[in-house]
Protein chains: 2
Amino acid sequence: MRNTEQKSLILEVLQTHKDHPTADQVYNEVREKLPKISLGTVYRNLEKLSSAGIIMKLEIGGGQKRFDPNPMGHSHFRCLSCSSVEDLPHDFKIDLPEIPDGNRVVLGTTLEYYGYCEECAATRQLH
Amino acid sequence: MRNTEQKSLILEVLQTHKDHPTADQVYNEVREKLPKISLGTVYRNLEKLSSAGIIMKLEIGGGQKRFDPNPMGHSHFRCLSCSSVEDLPHDFKIDLPEIPDGNRVVLGTTLEYYGYCEECAATRQLH
DNA sequence: CTTAGTATAGTAATAGTTATCAATAAGCTT
DNA sequence: AAGCTTATTGATAACTATTACTATACTAAG
């Protein structure tokens, strides 16, 4: 994997995020510094970075894929109203049960909470 | 919600499934009995049935949405190779931790296991 | 410097899903 | 059972997110 200005900037932009932007959000931010970059380049590099284990691709509910600067396993909260995705503090331990049937190969798990985020929950109260 | 031949057949087809077909799989099966049905009708009815809580829409990793005849909460196993999605037997209890921050409204959780299904795991052994 | 291999921008193509709309069918109400 | 109202349908267009293609530009090694 060759290092290019585009790739470094994409990674840098993603790593300033506490949340989990979509490819086009990253694209728009990167364009501020590199206006000629193409959306395809953003997709390609996000893909490469995630298959190299540097970032994490979230194939989570809702339309678009999202990208997480932190590749370590942790769970997410997805807002059904504004579609934002937040990390959940994972100081607590989850003991996931073993799957009974031993012939599958289990590589990992995804735990997702969904509902309304703090902001949207507050807005809904007003109605 | 008005009852139509199309809707009943879509539900019936889905309920004969142990797995979790995509909209176009349902479409193809329904077409055997109702050749003039349109794909839009299938999407529309799957959407209605799921927002009525009769079935469940799975917005799970991988390209397409899948539909589950069983709306009760249970977890899924997704095969990274053949993309199939199976129910996991849920006789075991999972105690999911409470989310610390009380200002979110948590409506539910999704727990997904991924890896290689029995069949694909066996094939991979051969290589 | 040449060359071979990558990466890029720009654009076209694809896949999955949703929206539009005139025609039809359901399900009251009498 | 006939008429009325409104939801639903099939057909198709539109849309969104993502991937593929292609000619050009860059990089590192010999």
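Basis for what follows: all heavy atoms, side chains included, without hydrogens, waters or symmetry-related copies. Letters A, B, ... are given to chains in the order of the sequence lines, protein chains preceding strands, and every chain is numbered from 1.
Nearest to the side-chain atoms of B:T41 among the listed nucleotides D:dT19, D:dT9, C:dA7 stands D:dT9. Distance from the side chain of A:Y43 is smallest for D:dT19 among the nucleotides C:dT17, D:dT19, C:dT8. In this structure, of D:dA11, D:dT27, C:dT8, it is D:dA11 that holds the atom nearest to the side chain of B:K36. Set against C:dT17, D:dT18, C:dA9, the side chain of A:Q64 has D:dT18 as its closest nucleotide.
Nucleotide D:dT8 holds its C1' atom 8 Å from the CD atom of B:Q6, rounded to whole Å. In this structure, B:M1 atom CE and C:dG27 atom P are separated by 12 Å, rounded to whole Å. Rounded to a whole Å, the CZ atom of B:F67 is 7 Å from the P atom of C:dT17. Computed from coordinates, the B:L34 CG to D:dG10 P distance equals 7 Å when rounded to whole Å. For the pair B:E47 CD and C:dT18 C1', the interatomic distance rounds to 10 Å; values are reported in whole Å. Taking atom NZ on A:K48 and atom C1' on D:dA20, their separation rounds to 14 Å, with Å as the unit. As a whole-Å value, the separation of B:R31 CZ from D:dG10 P is 12 Å. Remark: P of D:dG10 and CD1 of B:I10 are 8 Å apart, rounded to the nearest angstrom.
A residue-by-residue look at B:K65 and B:E5 shows that B:K65 has its nearest nucleotide of DNA chain C further toward the 5' end. Between A:N3 and A:L39, the residue anchored closer to the 5' end of DNA chain D is A:L39, taking for each the nucleotide with the nearest heavy atom.
Donor-acceptor pairing under 3.5 Å, judged by distance alone, is present between the side chain of B:R2 and the base of D:dT6.
Of the possible polar contacts, none joining the A:K65 side chain to the A:A23 backbone as a donor-acceptor pair under 3.5 Å is found. When atom types are taken as modelled, the side chain of B:K57 and the backbone of B:E47 share no donor-acceptor pair closer than 3.5 angstrom.
Using a 4.0 Å heavy-atom distance criterion, B:I37 is classed as a sugar-phosphate-only contact. Among the protein residues, B:N45 comes within range of the sugar-phosphate backbone only, with heavy atoms under 4.0 Å from sugar or phosphate atoms but none that close to a base.
Ring geometry, A:H76 versus A:H20: the interplanar angle exceeds 60°, so the pair is classed perpendicular (tilted spans 30 to 60°).
A:L88 places a side-chain heavy atom less than 4.5 Å from the side chain of B:R104.
Neither side chain, A:H17 nor A:Q25, offers a donor N or O lying under 3.5 Å from an acceptor on the other.
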